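Shown next, in structure tokens, is the structure this report addresses.
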Amino acid sequence: MIEVENLYFGSIINGTEISKDGRKDLEVFNPYTNEVIGKISCATPKDVEDAIETAQRVYNNTTKKMPAHKRSEILRKAADLLEQRTDEFARMLVLEAGKPIRESRVEVQRAVQVLRFASEGAKAIYGETIPLDSAIGGENQIGIAKRVPLGVVAAITPFNFPLNLALHKVAPALAVGNTVVLKPAEKTPFSSVLLHRLLEDAGLPKGALNIVMGPGQELVETLVTHPDIKKVSFTGSSGVGWKIHEMAKRKKVTLELGSNAPNIVFGDGDIDVAVNAIVLGGYTYAGQACVSAQRIYVHETIYEKFLDKLVEKVSALKTGDPLDEATDMGPMITEEAAQRAESWVKEAEEQGAEILTGGIRKGSLLEPTVLSNATHEMKVVCVEVFAPIVSVMPFSTEEEVVAHANNTDFGLHAGVFTADINRAMRMADAIETGGVWINEVSVRRYDHIPYGGIKSSGIGKEGVKYAIEEMTDLKFVGIKLY
């Protein structure tokens, strides 16, 4: 097992870690202790170009020609190896991302699933035959539509799920025969290095996955504008994502961006089910997920009862050391992020919101926070908080709450709690998001569902089957028979 303190890595091109050779170092911190756990040597724009050229060569010479069963075998073996190395990867996620150990194990388990879905998907990339004789003059002709790989995929990933979200891009790309240049978040780069080693151990050809590490627009701009990049897949903030979309111009792009997810509890919903779901959805990984439960709308007939139960549950959450098995919620990614969230809570309080529990910060730890009397003009409601803060607001009618839910530039996921199937289906149709959960919280995601938002929350879909479609082209082949 690799030691995960005092690490030092450079970017990886063609299976080889590039030497420091005058490149700048960047320290990587443990979010809980604020101690340095290691350093990376930052890539240069020239390194990015070299990584892309390597990926293009390996695509042309190797992966493009690799049979589906071989691609499937590599991904299956990688899944088996990752399952065996769960403790190693989970500990790395704790140290670089501050994610509690129990949540870190769940992320590794999900990553194993992604690899297995991709392994199965590699063998199920179906096309179709087209009856050309449906058209006048198409007699004695055969039409085939087949899915073909694109070439080099640029994958840009965030800090909050550094292993699983990387694999949501890397695994489908490899499944179809593409190659990848991965730029992980500079705050959480080490899990990507471990992932590279794991895939090579599973038999992935050198240069099929290349990793460029470091901060700055310069690297991203070089990556997404390079003519050999055929697809850009980005997960992160809306502002950065849409800038990348502009830079990428005519390339295929998938953007998985931010949200301020609404969760709606009707009077006929099961209060205990809803409360437990909101606790999970609002405070998993300190609320640092784009589908975290942020705006909670509760019918006025059960509003006070719901608040009492929610505050009781949230107040009982154990915060602290993410390596402690008993910890429910660990730190935010940096003290600066926690300070920003704390300031939004204080601003909301000054504007009339009431802090029912939480709101206190110690370093990068912000206590799980519940607000009442919030309004839609407050930042904690109208902007993505990306923090362990939920705002609970009453509503009277279905029409009213739909208007509130849709009154936002975001549209990723929503949750609705009701025992009325007719209402559930009306709400599913009326709410303007990429996904709606009934009797489940907005944060819920399985790795094979179509996942992606509308409006400012993104474009395109992830989920292995759907990512495979996004990472291929549909090519027509026509045959005239004599």
Side-chain angles (χ1 to χ4, degrees), residues 2 4-12 23-43 48 89-101 103-104 107-108 111 155-170 181-196 211-220 223 233-241 244 256-258 284-290 292 321-323 329-341 361 363-366 384-388:
I2 187 172
V4 288
E5 285 89 5
N6 301 314
L7 297 171
Y8 188 90
F9 291 115
S11 297
I12 302 171
R23 295 173 178 85
K24 294 180 181 178
D25 285 349
L26 182 71
E27 293 179 328
V28 179
F29 294 86
N30 179 323
Y32 179 65
T33 65
N34 204 35
E35 296 172 343
V36 175
I37 60 170
K39 297 180 182 179
I40 57 171
S41 175
C42 297
V48 175
F89 275 83
R91 186 161 182 260
M92 180 66 84
L93 293 174
V94 172
L95 292 176
E96 70 174 358
K99 184 170 293 191
I101 185 64
E103 289 183 21
S104 294
E107 179 169 349
V108 177
I156 306 169
T157 56
F159 71 81
N160 56 340
F161 292 87
L163 177 63
N164 198 41
L165 291 185
L167 277 171
H168 265 288
K169 303 176 189 307
V170 171
V181 178
L182 169 64
K183 188 207 172 294
E186 62 269 20
K187 292 180 176 64
T188 54
F190 296 143
S191 52
S192 291
V193 175
L194 292 188
L195 175 61
H196 181 276
I211 301 177
V212 291
M213 298 189 290
Q217 181 180 347
E218 200 172 39
L219 293 186
V220 172
L223 180 59
S233 184
F234 170 84
T235 299
S237 70
S238 294
V240 174
I244 285 175
E256 198 274 280
L257 308 176
T284 294
Y285 192 35
Q288 296 173 120
C290 50
S292 284
D321 185 353
L323 278 171
M329 197 190 86
M332 295 185 66
I333 189 65
T334 62
E335 185 169 353
E336 291 75 18
Q339 287 172 339
R340 186 266 308 164
R361 180 185 63 83
S364 56
L365 273 167
L366 178 67
E384 182 179 39
V385 294
F386 221 64

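Each residue takes its place number in the sequence, starting with 1. Remember, it's a predicted structure, so these values are computed and weren't measured experimentally.
Using a 4.5 Å cut-off on side-chain heavy atoms (C-beta onward), Tyr8 and Asp25 make contact. The side-chain heavy atoms of Ile211 and Ser11, taken from C-beta on, include no pair separated by under 4.5 Å.
Partners of Arg361 under the salt bridge (charged side-chain N to carboxylate O under 4.0 Å, His left out) rule, at least two apart in sequence or in another chain, are Glu335, Glu342. Contacts of Glu186 classified as salt bridge (charged side-chain N to carboxylate O under 4.0 Å, His left out), with partners at least two apart in sequence or in another chain: Lys183. By the side-chain contact (heavy atoms from CB on, under 4.5 Å) test, Pro322 pairs with Tyr32, Val94, Pro331, sequence neighbours left out. Partners of Asn34 under the side-chain hydrogen bond (donor to acceptor under 3.5 Å, both in side chains) rule, at least two apart in sequence or in another chain, do not exist in this structure. The salt bridge (charged side-chain N to carboxylate O under 4.0 Å, His left out) check on Glu96 picks up nothing, with sequence neighbours excluded. Applying the side-chain contact (heavy atoms from CB on, under 4.5 Å) test to Thr235 and every residue at least two apart in sequence or in another chain returns Pro158, Leu165, Lys169, Glu256, Glu462. The side-chain contact (heavy atoms from CB on, under 4.5 Å) test applied to Val193 returns Phe9, Ile12, Arg197, Met213, not counting sequence neighbours. Taking Glu107 as the reference, Lys99 meet the side-chain hydrogen bond (donor to acceptor under 3.5 Å, both in side chains) condition, with sequence neighbours excluded. The side-chain contact (heavy atoms from CB on, under 4.5 Å) test applied to Thr33 returns Asn30, Glu35, not counting sequence neighbours.
No donor-acceptor pair under 3.5 Å is formed between the side chain of Arg91 and the backbone N or O of Ile101. Remark: the backbone N or O of Gly10 is not paired with any side-chain donor or acceptor of Ser41 at under 3.5 angstrom. For Glu27 (side chain) and Val36 (main-chain N/O), no donor-acceptor pair under 3.5 Å exists by modelled atom type. The main-chain N or O of Phe161 is never found under 3.5 Å from a side-chain atom of Tyr285 such that the two would form a donor-acceptor pair.
Taking both residues in full, the closest heavy atoms of Asn160 and Ala289 are given as ND2-CA, 3.8 Å, listed atom of the first, atom of the second, then distance. Across Phe386 and Arg340, no two heavy atoms sit closer than the pair O-NH2, 3.9 Å. Scanning both residues, Phe234 and Ser237, for their nearest heavy atoms gives CE2-O, 3.6 Å.
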